[in-house]
Engineer: 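My structure is below; once you've seen it, I'll send some questions.
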Amino acid sequence: MPSQRGGPAVDSPGGRLGSEGRVLNVFSHGVLLLWGLMVTLPLLWAVMSAFKTDKEIFTSPWALPTSLHFDAWGRAWSQAHMSQYFLNSVIVVAGSLFGTMLLGSMAAYVLARFDFPGNRFVYFLFVGGMSFPIILALVPLFFVMKNMQLLNTYPGLILVYIAYSLPFTIFFLSGFFKTLPSSVAEAAMIDGASHTRTFFQVMLPMAKPGLISVGIFNFLGQWNQYLLPTVLNVGDEDKKLLPQGLVALAVSQGYKGDWSGLFAGLVIAMLPVLAAYIVFQRQVQAGLTAGALK
Amino acid sequence: MQHGKYRFIAGFLALPLAIYGVFVISPFVQAIYYSFTDWTGLSPDFEMVGFQNYQRLWDDEVFWKSVGHNVLLLLVLPLVTLGLGLFFAFMLNVGGRRRKNAAIAGVRGSSVYKVVYFFPQVLSIAIVALLFQFAYNPNSGALNSFLQAIGLDSVQPDWLGDPQLALWCVMAVMIWCNVGFYVVLFSAGMSSIPKDFYEAALLDGANRVQTFFRITLPLLWDTVQTGWVYMGIMALDAFAVIQIMTVGPGGPDYSTEVLAYYLYTKAFRDGQAGYATTLGVALLIVTMIFAGIVMKLGRRERLEY
């Protein structure tokens, strides 16, 4: 972005900087393009392979498919249960995202805007969860779930996803609620609204930008979650979530040999997220990086 | 009024606290306790064995191998990923053709680059790991056939099957995944640095490399440090890539074994839940040492602008 206050500062070094700038420009475009290729080529390779026959995949991995074969897509979608895995992921993520946002914003609101004994303790109890490795809790968690009959169930996974998303959600949103002006909330209270009503009808709408950022962050995290379902969702073949189902597909002996089907499955799993990302890229980048900056 | 306030607070906190307590706090506390038992995880009864698990840990060769790999990841991943991220972000923001009235400028199309670089970040790590497992396949994978195509028929490594190479292959994938995130993050930071700083420095005869080390990096230091912690936590985990990409338990000859995956196999394959939680406690300690070091090293004067 060009600065408006150039003045004498730019004019004097003149020619020297100009030529340096041109060389630099060629160099930087070259380097940037190279990395761009390194990022996109593996993805394009997967898409291309999904349209090939198995023989083509083996004999000429880099050649374009001789003709477009769509049959692998059908095989992956129905026979390999990709449609089922997809649906499972949608159910679990829809439930846990809703729960995370609702419970997270409720707790964050109370912790950010009300004074009560133990406030700081509860806050740090939640926020402390961000710094512990999940894998340490995994073994006991497995047995907690087992005892509660929640192992290998949708509600179980949803509850666990919510629980492990709360630390960051509360951390981020309580910071956000603190910055909101208190005059609006006070006005609503004077008009006779209850605390609960003030929260849902006044404060939540005002916190929308923060909710969207943390919502995107949680959506991607939960949709892409691999470790938790790998350990806590191992019962029914049909109940696997998308990433888990894909990996199972790749290892399963019965499926060995259907390479194009595997690539098609991979692309099916990739496309929705990539498409959503391209449409909402500004929000996604802002949402994810906001997570690192706060 | 006061009464209503406390009822409201309790009502809003009860459910989140209950869920968090049952599924996060209680397992963490139990984990510490189980690490002192000989629990298999299969039967309900077990005994306290004191520090026996920790003793065993000390003598466990695979454990030390995993710690070594985790430390290697901890050193290499942040250094390369953040380095590339800084380099590309600087190119995007400063590498452009000089325009009228501006000492420095971003390259044309920098937002397109950022969109593309960020791609891998939104994909599930499981998908990425699978994709690269195919690419590394020695017989039909993209990499070896690429080497063949450019005339390197004799160089056909068995990437993930070679104990010397496997861990480096895994690291390359983790770097591939994360660079874009840091390009976007650092780029946002760089664009908020006032342009006059660069103008003044260039006028004083500094070149671009000097402006990077004297202006950009110091002003961005806080963000770099946050990125370092993030990358470090990722390096300590690495569960998915190891489990999906490498063959056998922890790669050929344990060459890619890391703590997280070793814990998983001990608990859910070998039926040694007690010992597995001991490994978890070790991981926690490594994490805390890492965080402590970063905090200590990272402390410097804050620059205001």
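Letters go in sequence order (proteins before strands), and every chain restarts at 1.
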Engineer: For each of Gln243(B), Met91(B), Gln133(B), tally heavy-atom pairs with chain A at distances under 4.5 Å, and name the one with the top tally.
Structural biologist: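 Highest number of pairs under 4.5 Å: Met91(B).
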Engineer: With only heavy atoms counted, which part of Ile9(B) is less than 4.5 Å from chain A, the side chain, the backbone, both or neither?
Structural biologist: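 When you check distances to chain A, atoms from both the backbone and side chain of Ile9(B) fall under 4.5 Å.
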Engineer: Against chain A, label Phe28(B) side chain, backbone, both or neither, depending on which of its atoms sit under 4.5 Å from a heavy atom there.
Structural biologist: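 Both parts, backbone and side chain.
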Engineer: Answer with side chain, backbone, both or neither: which region of Phe90(B) has an atom nearer than 4.5 Å to a non-hydrogen atom of chain A?
Structural biologist: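 When you check distances to chain A, no heavy atom of Phe90(B) falls under 4.5 Å.
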Engineer: Measuring heavy-atom distances to chain A, does Leu259(B) have an atom under 4.5 Å in its side chain, in its backbone, in both, or in neither?
Structural biologist: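 Looking at Leu259(B), nothing touches chain A.
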Engineer: Under 3.5 Å, is there a donor-acceptor pair between the Gln285(A) and Tyr277(A) side chains?
Structural biologist: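 Tyr277(A) and Gln285(A) do have a side-chain donor-acceptor pair below 3.5 Å.
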Engineer: Side chain, backbone, both or neither: which part of Phe118(B) has an atom under 4.5 Å from a heavy atom of chain A?
Structural biologist: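 Interface part for Phe118(B): both.
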Engineer: So what's closer than 4.5 Å to chain A heavy atoms on Leu131(B): side chain, backbone, both or neither?
Structural biologist: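 The answer is both parts of Leu131(B).
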Engineer: Considering residues at least two apart in sequence or located in another chain, which fulfil the ring pair (Phe, Tyr, Trp, His ring centres under 6.0 Å) criterion with Tyr123(A)?
Structural biologist: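 So Tyr123(A) forms no ring pair (Phe, Tyr, Trp, His ring centres under 6.0 Å) with any residue.
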Engineer: Examine whether an atom of Phe134(B) lies under 4.5 Å from a heavy atom of chain A, and if so say whether it belongs to the side chain, the backbone or both; otherwise answer neither.
Structural biologist: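 Answer is both: backbone and side chain atoms of Phe134(B) are under 4.5 Å from chain A.
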Engineer: Side chain, backbone, both or neither: which part of Val110(A) has a heavy atom under 4.5 Å from chain B?
Structural biologist: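 Just the side chain, heavy atoms under 4.5 Å.
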Engineer: Between Leu92(B), Val94(B), Leu123(B), Val229(B), which residue shows the highest count of heavy-atom pairs closer than 4.5 Å to chain A?
Structural biologist: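 Among the listed options, the one with the most contacts to chain A is Leu123(B).
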Engineer: Using heavy-atom distances under 4.5 Å, tell me whether Tyr34(B) contacts chain A through its side chain, its backbone, both, or neither.
Structural biologist: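 Just its side chain gets close to chain A.
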Engineer: Using non-hydrogen atoms only, which part of Phe88(B) is less than 4.5 Å away from chain A: side chain, backbone, both, or neither?
Structural biologist: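 Both parts, heavy atoms under 4.5 Å.
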Engineer: Who among Val122(A), Leu141(A), Val273(A), Thr40(A) has the most heavy-atom pairs with chain B under 4.5 Å?
Structural biologist: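 That would be Leu141(A).
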Engineer: Side chain, backbone, both or neither: which part of Ser191(B) has a non-hydrogen atom closer than 4.5 Å to chain A?
Structural biologist: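 Looking at Ser191(B), nothing touches chain A.
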Engineer: Less than 4.5 Å to any heavy atom of chain A: does that hold for the side chain of Val128(B), its backbone, both, or neither?
Structural biologist: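 For Val128(B), there is no contact with chain A at all, as no heavy atom is under 4.5 Å.
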Engineer: So what's closer than 4.5 Å to chain A heavy atoms on Val183(B): side chain, backbone, both or neither?
Structural biologist: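 When you check distances to chain A, no heavy atom of Val183(B) falls under 4.5 Å.
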Engineer: Is it the case that the side chains of His195(A) and Tyr109(A) hold a donor-acceptor pair, with the cut-off being a distance below 3.5 Å and no angle test?
Structural biologist: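 Their side chains do not contain a donor-acceptor pair, so the 3.5 Å distance test is not met.
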Engineer: Report which part of Leu84(B) has an atom under 4.5 Å of a heavy atom belonging to chain A: side chain, backbone, both, or neither.
Structural biologist: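 Answer is side chain: those atoms of Leu84(B) sit under 4.5 Å from chain A.
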Engineer: If I measure from the heavy atoms of chain A, does Ala240(B) come under 4.5 Å with its side chain, its backbone, both, or neither?
Structural biologist: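 Both parts, backbone and side chain.
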Engineer: Looking only at the side chains, is there a donor atom on one of Gln225(A) and Ser124(B) sitting less than 3.5 Å from an acceptor on the other?
Structural biologist: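 Short answer, no.
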Engineer: Taking atom types as modelled, find out whether Ser165(A) and Gln222(A) have a side-chain donor-acceptor pair closer than 3.5 angstrom.
Structural biologist: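 There is such a pair between these side chains.
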Engineer: Of the listed residues (Val22(B), Ile244(B), Thr287(B)), which shares the most heavy-atom pairs with chain A below a 4.5 Å separation?
Structural biologist: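 It is Ile244(B).
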